[in-house]
Peer 1: 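What follows is a structure written as structure tokens; I'll ask about it next.
Every chain is numbered from 1 and lettered A, B, ... according to where its sequence line falls, protein lines coming before strand lines.
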Protein chains: 2
Amino acid sequence: MDDRLIMKNKTGNQILRDAAIAPAEAERPTLKTIAFMAGLGVTTVSRALKDAPEIGQATKNRVQLIAKQIGYRPNRAGVRLRTGKTNVISLVLNAQSSIMGLTSNMVYGISEVLSQTPYHLTVTPYSLENDPMQPIRYIVETGSADGIIMSRTEPDDPRVRYLTEHGIPFATHGRTEMGIEHPYHDFDNEAFAYLSVKSLLAKGRRKIAMLAGPSPAVTYYRHLDRGFSRAIEEGSAAAVAFSGVDVDTSLGRIRDRMEEIMSGSNRPDGIVCCSGGAAIALVAGIEAAGLKIGEDVDLVSKQSTDVLQWFRPQIIVFNEDVRHAGRELARAVLRRIAGVDARELQSLSYPDEHELR
Amino acid sequence: MDDRLIMKNKTGNQILRDAAIAPAEAERPTLKTIAFMAGLGVTTVSRALKDAPEIGQATKNRVQLIAKQIGYRPNRAGVRLRTGKTNVISLVLNAQSSIMGLTSNMVYGISEVLSQTPYHLTVTPYSLENDPMQPIRYIVETGSADGIIMSRTEPDDPRVRYLTEHGIPFATHGRTEMGIEHPYHDFDNEAFAYLSVKSLLAKGRRKIAMLAGPSPAVTYYRHLDRGFSRAIEEGSAAAVAFSGVDVDTSLGRIRDRMEEIMSGSNRPDGIVCCSGGAAIALVAGIEAAGLKIGEDVDLVSKQSTDVLQWFRPQIIVFNEDVRHAGRELARAVLRRIAGVDARELQSLSYPDEHELR
DNA sequence: TAGCCTACCTGTAACGTTTCAGATTTGGGA
DNA sequence: TCCCAAATCTGAAACGTTACAGGTAGGCTA
């Protein structure tokens, strides 16, 4: 004889007990379980749990008590199948920006917010060689998320257009310039660049260069450029161009190129850098050229992880709180899903000059 | 009259067209769609798509062709509800280890593998103050993943015990010492510590200290300690203890404590550090004490992001390829889910001394 | 007394998939 | 010619949830 014991319990569900092997595999309670216990129909239970107006208060209390006692949790697959709601937010990012905890902080920030909700976070990285639209299309076509958070926003971003057309809630890290109102959170890169140049000017620097984002592809490049130019003009300083490198370049190449530039005749005496990772390679190049930070040349950099001030205390540092960005973005998509107008879900955070310990 | 047009298509599903507003919201094809197009029953289609033996080859070909042409993708909720399979792998990690791209590289490594499969990756961070069991229990109780990947493995890890008892596939980053065979991937920290001390000995250092993981809580602490002690003994050197700091300590406190220690009389002349982030603070402390790396004291560190050699070229660096760890762990859970024996899913990677450019 | 409203509750169907237990067809052997 | 097995295919049921269209009881009005 089989040593398994198959029985029907009162709810009609099957219990499968494996005599000694499986550890009393407790069956997960469903609406049916509660319905049986309360002597009600499943519909009533379903409604009672979501505080529907047509259910009596006494019933609601009773049902909710039972649900809590037996640890009922709605089956996500059931809900998803029936309602089409996935309770999933998808973070789509490119695998390049891994350096210096940008990704992790974003993930943590988002999770912090989602952990208070029924939403789960799925992460979908794509490599820079691939089409950024691909993961987006996949999510939309398979309906695998209720909302999307994405980074590396471009001025005329096809993803934004696509998602808007399809009516899928999303929030971007970074702004667009395409006349579509959508939720975003952005770091004020214009202010950063402006303030950076200002602080170099204050140190008496007059030939200033910037290591910026991948030109004009990504929106923040434009903002940096605007802030930079404005400050340069106001200070009637000279802008030195860095050709052949940007923040996406490999650290090794940044270092080499910097050594080259800083050994040349037209070298800048002040540099603005918009990534902590790049700044480190940049410094290596400067020092390889025999120059000293804080003496021959001053450096201002953005950082998203507390590290540059340990690296070279002379570097002027502005913090970008990516974790905060994550929280803002998560809140934005959630509220967008809830139907809030996109214009109310746009926020900016300002550069915060690092205070020395 | 209503300006919406509700019609039944041939499959019996409802199409809801919003005259001008919604952009031809194409209905997602289901098995039913294919069944209708092929003039078959849904059962046959379902089977044909998974190459079941009882379906004729001609039918299979036809069905698969149609499926491809109309871009059919199985509905995850349907599958999940029916089979209980979620097609989700959950990465559970603590929010502390954010520094220096550890988390991101892990995520990217895992995604790389999962992107070739029907699996999605969800990330569930928890803060160190919370019970590490909590997210695990949640996943098991709600059945929200088919497999789990987790880090910060402890010698006697309650999560490992719990998951094993419940028969949930998982893989850990790091080993346990509890007599349970389970899939893992680990960096050989014993070899790292051993080799590190060896290289310090080779530089003539004789008073050696180590900044290690949180004592004995996390397994890798033991491995580090073993490798360290063995090398110290073999080289008949002196081990200097670092009290009050470990790799979890805040960078600020590490710096301060290091300054203190390195200003004292019994300061080491060689240091092993097992985290790139901590190494940076450590260097700051050493230099604040007026000492020079490579002269007064030598430093060996592990890094998971290419940064220390730009920071101070004098630091001896061993790389831990966390992205590779992510790939290994993902492969391990997947194969575990497929029923492969746990003992075949245990792997180790070895420290790889960083080659100078 | 009938009629009707309100307050509360219920069964059935459906979402898309897989499994189960057949049903149908075909070909071959007797 | 008949029957059986093999090869294909099929409908119904079920997973857990919510939406829809009722149902019932009690009280109130006319």
Side-chain angles (χ1 to χ4, degrees), chain A residues 6 8-9 11-16 27-63 67 70-87 118 141-144, chain B residues 6 8-9 11-16 27-63 67 70-87 118 141-144:
Chain A
I6 300 178
K8 289 253 183 195
N9 71 353
T11 73
N13 291 338
Q14 277 197 346
I15 304 187
L16 222 132
E27 165 175 332
R28 228 179 116 197
T30 70
L31 289 181
K32 216 167 163 186
T33 319
I34 302 179
F36 172 77
M37 293 175 71
L40 294 166
V42 282
T43 305
T44 309
V45 173
S46 171
R47 292 225 257 257
L49 288 176
K50 41 179 61 69
D51 247 333
E54 61 265 69
I55 304 295
Q57 194 52 55
T59 309
K60 279 186 196 169
N61 293 341
R62 202 155 51 91
V63 167
I70 66 176
Y72 168 77
R73 321 247 205 157
N75 178 308
R76 309 191 117 230
V79 176
R80 181 164 170 178
L81 182 57
R82 178 64 238 233
T83 63
K85 184 155 201 248
T86 63
N87 280 303
E141 283 167 11
T142 63
S144 55
Chain B
I6 301 179
K8 291 255 182 192
N9 70 355
T11 74
N13 292 338
Q14 276 196 348
I15 304 188
L16 222 131
E27 166 176 332
R28 227 180 118 196
T30 69
L31 289 181
K32 217 165 160 186
T33 320
I34 302 180
F36 172 77
M37 294 176 70
L40 293 167
V42 280
T43 306
T44 310
V45 173
S46 170
R47 293 225 256 256
L49 288 176
K50 42 179 61 68
D51 248 334
E54 60 265 68
I55 304 295
Q57 195 51 54
T59 310
K60 279 186 196 169
N61 293 341
R62 200 154 52 91
V63 168
I70 66 178
Y72 167 77
R73 321 248 205 159
N75 178 307
R76 309 191 117 232
V79 175
R80 180 163 171 177
L81 182 57
R82 178 64 238 232
T83 64
K85 185 157 199 243
T86 62
N87 280 304
E141 282 166 11
T142 63
S144 54

Peer 1: Considering only distance and modelled atom types, tabulate donor-acceptor pairs under 3.5 Å from the side chains of residues 53-62 of chain A, sequence neighbours left out.
Peer 2:
residue: Q57(A); atom: NE2; partner: N61(A); partner atom: OD1; Å: 3.1
residue: K60(A); atom: NZ; partner: D51(A); partner atom: OD1; Å: 3.4
residue: K60(A); atom: NZ; partner: A52(A); partner atom: O; Å: 3.0
residue: N61(A); atom: ND2; partner: Q57(A); partner atom: O; Å: 3.4
residue: R62(A); atom: NH1; partner: A38(A); partner atom: O; Å: 3.0

Peer 1: Return the CE to OG1 distance between M37(A) and T33(A), rounded to the nearest 0.5 Å.
Peer 2: 8.0 Å

Peer 1: Which listed nucleotide (dT18(D), dA14(D), dC9(C)) is nearest to the side chain of R82(B)?
Peer 2: dA14(D)

Peer 1: Between dT10(C) atom P and F36(A) atom CZ, what is the distance in whole Å?
Peer 2: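 Rounded to the whole Å, the gap is 14 Å.
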
Peer 1: Starting at CD of E54(A) and ending at C1' of dC20(D), how long is that distance when rounded to a whole Å?
Peer 2: 12 Å

Peer 1: Can you see which heavy atom on G41(A) is nearest to which on A35(A), and at what distance?
Peer 2: C-CB, 3.9 Å

Peer 1: Measure the distance from OH on Y72(B) to P on dG16(C) and round it to the nearest whole Å.
Peer 2: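 After rounding, the reported distance stands at 10 Å.
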
Peer 1: Which whole-number value in Å describes the distance from L81(B) CG to dG16(C) P?
Peer 2: 12 Å

Peer 1: Taking CD1 from I70(A) and C1' from dG16(D), how many angstroms apart are they, rounded to a whole number?
Peer 2: 14 Å

Peer 1: Going by the rule side chain to side chain donor-acceptor pair (under 3.5 Å), which residues pair with T83(B) if we only count those two or more places apart in sequence or in a different chain?
Peer 2: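 Partners of T83(B) under the side chain to side chain donor-acceptor pair (under 3.5 Å) test: none.
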
Peer 1: Heavy-atom contacts under 4.0 Å between residues 38-47 of chain A and DNA chain D, which residues?
Peer 2: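 Contacts with DNA chain D under 4.0 Å: T43(A), S46(A), R47(A).
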
Peer 1: Considering non-hydrogen atoms only, spot the tightest contact between P29(A) and G71(A) and give its length.
Peer 2: CG-O, 4.1 Å

Peer 1: Anything under 3.5 Å between a donor and an acceptor, one on a side chain of residues 72-79 of chain A, the other on a protein residue two or more places apart or in another chain? List them.
Peer 2:
residue: R73(A); atom: NH2; partner: E141(B); partner atom: OE1; Å: 3.3
residue: N75(A); atom: OD1; partner: A77(A); partner atom: N; Å: 2.7
residue: N75(A); atom: OD1; partner: G78(A); partner atom: N; Å: 2.9
residue: R76(A); atom: NH1; partner: H120(A); partner atom: ND1; Å: 3.4
residue: R76(A); atom: NH2; partner: N87(A); partner atom: O; Å: 3.4
residue: R76(A); atom: NH2; partner: P118(A); partner atom: O; Å: 2.4

Peer 1: List in chain and number order the residues that pass side chain to side chain donor-acceptor pair (under 3.5 Å) with T86(B), two or more places apart in sequence or in another chain; answer none if no residue qualifies.
Peer 2: D146(B)

Peer 1: Find the distance I34(A):CD1 to dG16(D):C1' and express it as a whole number of Å.
Peer 2: 12 Å

Peer 1: What is the separation between atom CZ on R76(B) and atom P on dC15(D), rounded to the nearest whole Å?
Peer 2: 22 Å

Peer 1: To the nearest angstrom, how far is L49(B) atom CG from dG16(C) atom C1'?
Peer 2: 13 Å

Peer 1: So K85(B), base contact, sugar-phosphate only, or nothing? Heavy-atom distance under 4.0 Å.
Peer 2: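 Nothing, no nucleic acid heavy atom in range.
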
Peer 1: Going from CG on L40(B) to CD1 on I34(B), what distance comes out if it is rounded to the nearest 0.5 angstrom?
Peer 2: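 Result: 10.0 Å between the selected atoms.
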
Peer 1: I need the full list of salt bridge (Lys or Arg N to Asp or Glu O under 4.0 Å) pairs touching residues 77-87 of chain B, with sequence neighbours left out, sorted by first then second residue.
Peer 2: none

Peer 1: Could you grab the distance from atom OG1 of T43(A) to atom CG of L31(A), nearest 0.5 Å is fine?
Peer 2: 9.0 Å

Peer 1: With sequence neighbours left out, what residues match S144(B) under side chain to side chain donor-acceptor pair (under 3.5 Å)?
Peer 2: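 Once residues adjacent in sequence are excluded, the partners of S144(B) under the side chain to side chain donor-acceptor pair (under 3.5 Å) criterion are T142(B).
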
Peer 1: Residues from residues 55-62 of chain A sitting under 4.0 Å of DNA chain D, heavy atoms only?
Peer 2: none

Peer 1: Considering the terminal five base pairs at each end of the helix from dT1(C)-dA30(D) to dA30(C)-dT1(D), what angle separates the two local helix axes, rounded to 10°?
Peer 2: 80°

